[in-house]
Amino acid sequence: MKRAGKAFFTDNLLTWNREINTRTMPWKGEKDPYRIWLSEIILQQTRVEQGWPYYERFIQAYPTVAHLAQAHDDEVFRLWQGLGYYARCRNMLAAAREIATRYHGVFPNTYDAILALKGIGAYTAAAIASFAYGLPHAVLDGNVYRVLARYFGVQTPSDSTAGKKEFTQLAGELLDKKQAGPYNQAIMDFGAVVCKPQAPECPTCPLSTQCLAYNTDRVDQLPVKTKKLVIRQRHFYYIILIYNNQVYIRKRAGKDIWQNLHEFILVETPGPVTLAELQASEAFRHTLPGVQFEVEGLSEQYKQQLTHQTIFARFLTLKGKGRAPKLEGYQLVPRSLLNDYAFPKTIVSYLEQQTTGLTLF
DNA sequence: AAAGCGGGGAA
DNA sequence: TTCCCAGCTTT
């Protein structure tokens, strides 16, 4: 497709990058493919400021892909705790181990081989290929969609198949193939610093004279997105059943949220219930068959907003009487060792409240 | 093609 | 509240 202002776009973007851009990040200019890969996985759907400390901790704990490949799953998940999208962590471990075995610890250096690794899609493959090896692949992330949609006035929804194709084509044409790495870095920095989602810096933007959105006063309407989110509400009651300073936990599995993170005994109800209703419920009696206990307390309601779900959680502390029962799927661990396990944010928040003693039942 | 997957910062 | 972030995988 013919579009106006392509040369102007690339030239002025690179000039802005050279003369004005002062953005610095630990992985910027990095040439070690392992470090680039690690940063890219951490930054998928994640703000730079949020991922930054995790990157530092991971590099510290696992300086090479061999270190990461040899690490224990639970230890790595504990380090990932709080970052979200935990499938990234699982895929990252799988990829590290494939690099260690199949590639004998040497990071693959072709776009297709990189793309074939677990957890790496078109964006991440292009980023690694261009940053580490200078290969001519254009990145297409949220920043690039926004910058291109505005500058060229692309109205095709960026989250549609047609839009993806169109933006991919356009991004590839704009790429400076002789300096793919710096170009990719520049367009993402530009999107993050100048062409921001809200309140972009149009008045000082070096591309504004040719920006279609700016010149038709439609900056705040681009890019177009279509998909509407359906958010489900769920009610979790976590039972902290204590025997002799030990509690039951399990690792979450299956297709639900928080895979590979840990949790207390979970009773989920269709809606909010009182303590009496909870104890009388089929789910509760099925989960704790014949268990004798004393109620120590019920916490306030914790709310956590996920992308597709709202989680309402309360924590019910029970002091077990008699011998600790076997509970299917759960293990009994000392409370003092809870720090060794990765938990979802809601549970971490609850545990912190207990530790700091801000909440008395 | 659409759904599902976290957590946090900013307006 | 709503939006969206250096997206990918599964259905």
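All figures in this text were calculated on a predicted structure; none of them were measured in a lab. The sequence lines fix the lettering, A, B, ..., with proteins before strands; numbering per chain opens at 1.
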Requested in this report: Could you pick out which residue, A:L43 or A:L115, lies toward the 5' side of DNA chain C when each is mapped onto its nearest nucleotide?
Outcome: A:L43

Report summary line: By nearest-heavy-atom nucleotide on DNA chain C, the more 5' of A:F131 and A:K255 is A:F131

Requested in this report: May I ask you to check whether A:F236 and A:Y302 place their ring centres under 6.0 Å from each other?
Outcome: no

Query raised in the report: NA contact type, A:D189, heavy-atom cut-off 4.0 Å: base, sugar-phosphate, or nothing?
Result: base

Requested in this report: Ignoring the backbone of A:W258, work out which of B:dG6, C:dG7, B:dC5 is nearest its side chain.
Outcome: B:dG6

Query raised in the report: Within this structure, what is the NZ-to-P distance between A:K196 and B:dA11, rounded to whole angstrom?
Result: 8 Å

Query raised in the report: NA contact type, A:A192, heavy-atom cut-off 4.0 Å: base, sugar-phosphate, or nothing?
Result: nothing

Query raised in the report: Reckon A:M25 touches a base, only the sugar-phosphate, or nothing at all at heavy-atom distances under 4.0 Å?
Result: base

Query - N/O donor-acceptor pair, side chain A:T46 with base B:dG6, under 3.5 angstrom - result: yes

Query raised in the report: Heavy atoms under 4.0 Å, any strand shown: does A:Q309 hit a base, just sugar-phosphate, or nothing?
Result: sugar-phosphate

Query raised in the report: Will you find, in the side chains of A:E56 and A:Q60, an N or O donor that is under 3.5 Å from an N or O acceptor?
Result: no

Query raised in the report: Hey, does A:L83 reach any base, or is it just sugar-phosphate, or nothing, if we go heavy atoms under 4.0 Å?
Result: base

Report summary line: Taken to the nearest whole Å, CZ/A:F77 to C1'/B:dG6 is 13 Å

Query raised in the report: For the pair made of CD in A:E49 and P in C:dC4, what is the distance, rounded to whole Å?
Result: 17 Å

Query raised in the report: NA contact type, A:T124, heavy-atom cut-off 4.0 Å: base, sugar-phosphate, or nothing?
Result: sugar-phosphate

Requested in this report: Hey, can you tell me if A:Y151 and A:F8 have their rings parallel, tilted or perpendicular (30° and 60° cut-offs)?
Outcome: parallel

Query raised in the report: What orientation do A:H235 and A:F312 show, parallel under 30°, tilted 30 to 60°, or perpendicular over 60°?
Result: parallel

Query raised in the report: How many Å lie between NZ on A:K118 and P on B:dC5, as a whole number?
Result: 19 Å

Report task. Quickly work out the A:D220 CG to C:dC3 P distance and round it to whole Å. Result -> 13 Å

Requested in this report: Select base, sugar-phosphate, or nothing to describe what A:W37 touches, counting heavy atoms under 4.0 Å on all strands.
Outcome: nothing

Query raised in the report: Base, sugar-phosphate alone, or nothing: which one does A:N91 contact when heavy atoms must sit under 4.0 Å apart?
Result: sugar-phosphate

**Report entry** Main-chain N/O of A:G191 paired with A:R146 side-chain donor or acceptor, under 3.5 Å
**Finding:** yes

Query raised in the report: CG of A:D141 versus P of C:dG7: gap in Å, rounded?
Result: 5 Å

Report summary line: Atom NE2 of A:H308 and atom C1' of C:dC3 are separated, to the nearest Å, by 14 Å

Query raised in the report: When all nucleic acid strands are considered with a 4.0 Å heavy-atom cut-off, which category describes A:R232: base, sugar-phosphate, or nothing?
Result: nothing

Query raised in the report: Quantified in whole Å, what is the P atom distance between nucleotide B:dG6 and nucleotide C:dT10?
Result: 14 Å

Query raised in the report: Can a side chain N or O of A:K345 be found less than 4.0 Å away from OP1 or OP2 on B:dG8?
Result: yes

Query - hbond_proxy A:T307 side chain to B:dG6 base (donor-acceptor, 3.5 Å cutoff) - result: yes

Requested in this report: Looking at every strand, decide which applies to A:Q81 at a 4.0 Å heavy-atom threshold: base, sugar-phosphate, or nothing.
Outcome: nothing

Query raised in the report: Which listed nucleotide (B:dG8, C:dA6, B:dC5) is nearest to the side chain of A:V48?
Result: C:dA6

Report summary line: From OH of A:Y85 across to C1' of B:dG4 the rounded distance in Å is 8 Å

Report task. Tell me whether the OP1 or OP2 atom of C:dT9 has a side-chain N or O from A:R90 closer than 4.0 Å. Result -> no

Query raised in the report: Do A:R88 side-chain and C:dC8 base share a donor-acceptor contact under 3.5 Å?
Result: no

Requested in this report: Could you check which of C:dC4, B:dC5, C:dC8 has an atom nearest any side-chain atom of A:I257?
Outcome: B:dC5

Report task. Output yes when a side-chain donor or acceptor of A:N91 lies under 3.5 Å from a complementary backbone atom of A:K118, and no otherwise. Result -> no

Requested in this report: Can you establish whether the number of heavy atoms outside A:D256 located under 6.0 Å from its atom CG is more than 12?
Outcome: yes

**Report entry** Touch class at under 4.0 angstrom, heavy-atom based, for A:G82 against every strand present
**Finding:** sugar-phosphate

Query raised in the report: Quantified in whole Å, what is the P atom distance between nucleotide C:dA6 and nucleotide B:dA3?
Result: 25 Å

Requested in this report: Assign each of A:Q198 and A:Q44 to its nearest nucleotide of DNA chain B by heavy atoms, then name whichever residue's nucleotide is nearer the 5' end.
Outcome: A:Q44

